[in-house]
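Worth saying up front: this structure is predicted, and the values here are computed from it rather than measured.
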Amino acid sequence: IDFLDKDHFPLSTVSYNLKLTGSNNTSIADLKNQFAPDGTKAHKFTFEKPTLVNVEVTINSVRGVDTGAFVEKTDFTVNVN
């Protein structure tokens, strides 16, 4: 996961939540308070067969400042082959 500002420069000290669900809405992973000190972080998951995985990333804070009343979140689907 890469965290970038509007000018595509890496953000530092990002705290975030990462949630993965399967195509039938079953929970695969629900990782809270993950940390990307230099704006990038890799997570490894193993799947036994091809499937669709829904990914949700929610930013909790950047450089120690929380998002306040705003929710910075993205979600997307990955086709695992």
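In this structure, S15 and Q34 have side chains that are not in contact, with every pair of non-hydrogen atoms separated by 4.5 Å or more. Counting only heavy atoms from C-beta outward, the side chains of V57 and V55 approach each other to under 4.5 Å.
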* Asked: Does the pair L18 and E56 meet the rule for a side chain to side chain contact (heavy atoms under 4.5 Å, CB included), with working shown?
  -> CA-CA 6 Å; L18 175 64; E56 180 180 293; over 6 Å; no

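Between the side chains of N17 and T58, no donor N or O sits under 3.5 Å from an acceptor N or O. Using a 3.5 Å distance cut-off with no hydrogens or angles, the side chains of T40 and D38 do not pair a donor with an acceptor.
Using a 4.5 Å cut-off between side-chain heavy atoms of Ile, Leu, Val, Met, Phe, Trp and Tyr, with links allowed through other members, L4 and I1 fall into different hydrophobic clusters. If you chain together hydrophobic residues whose side chains sit under 4.5 Å apart, I59 and F76 fall into the same group. A continuous path of hydrophobic side-chain contacts links I28 to V80 [ILVMFWY only; heavy atoms under 4.5 Å]. At a threshold of 4.5 Å between side-chain heavy atoms, the hydrophobic network of Ile, Leu, Val, Met, Phe, Trp and Tyr places V78 and L20 in one connected group.
Y16 and F3 have tilted rings, their planes meeting at an angle from 30° to 60° on a 0 to 90° scale. Aromatic ring pairs are classed by plane angle as parallel below 30°, tilted from 30° to 60° and perpendicular above 60°; the pair F45 and F47 is tilted.
Between H43 and L31, the shortest heavy-atom contact is ND1-CD1, 3.8 Å.
No side-chain donor-acceptor contact under 3.5 Å links D7 to the backbone of F9. Proximity of a side-chain donor or acceptor of S61 to a complementary backbone N or O of G64 within less than 3.5 Å is not detected.
With rounding to the nearest 0.5 angstrom, the OG1 atom of T77 is 7.5 Å from the CG atom of D75. In this structure, the separation between CG on N60 and CG on D66 is 9.0 Å, given to the nearest 0.5 Å.
Using a cut-off of 4.0 Å between Lys/Arg side-chain N and Asp/Glu carboxylate O, K32 and D30 are scored as salt-bridged.
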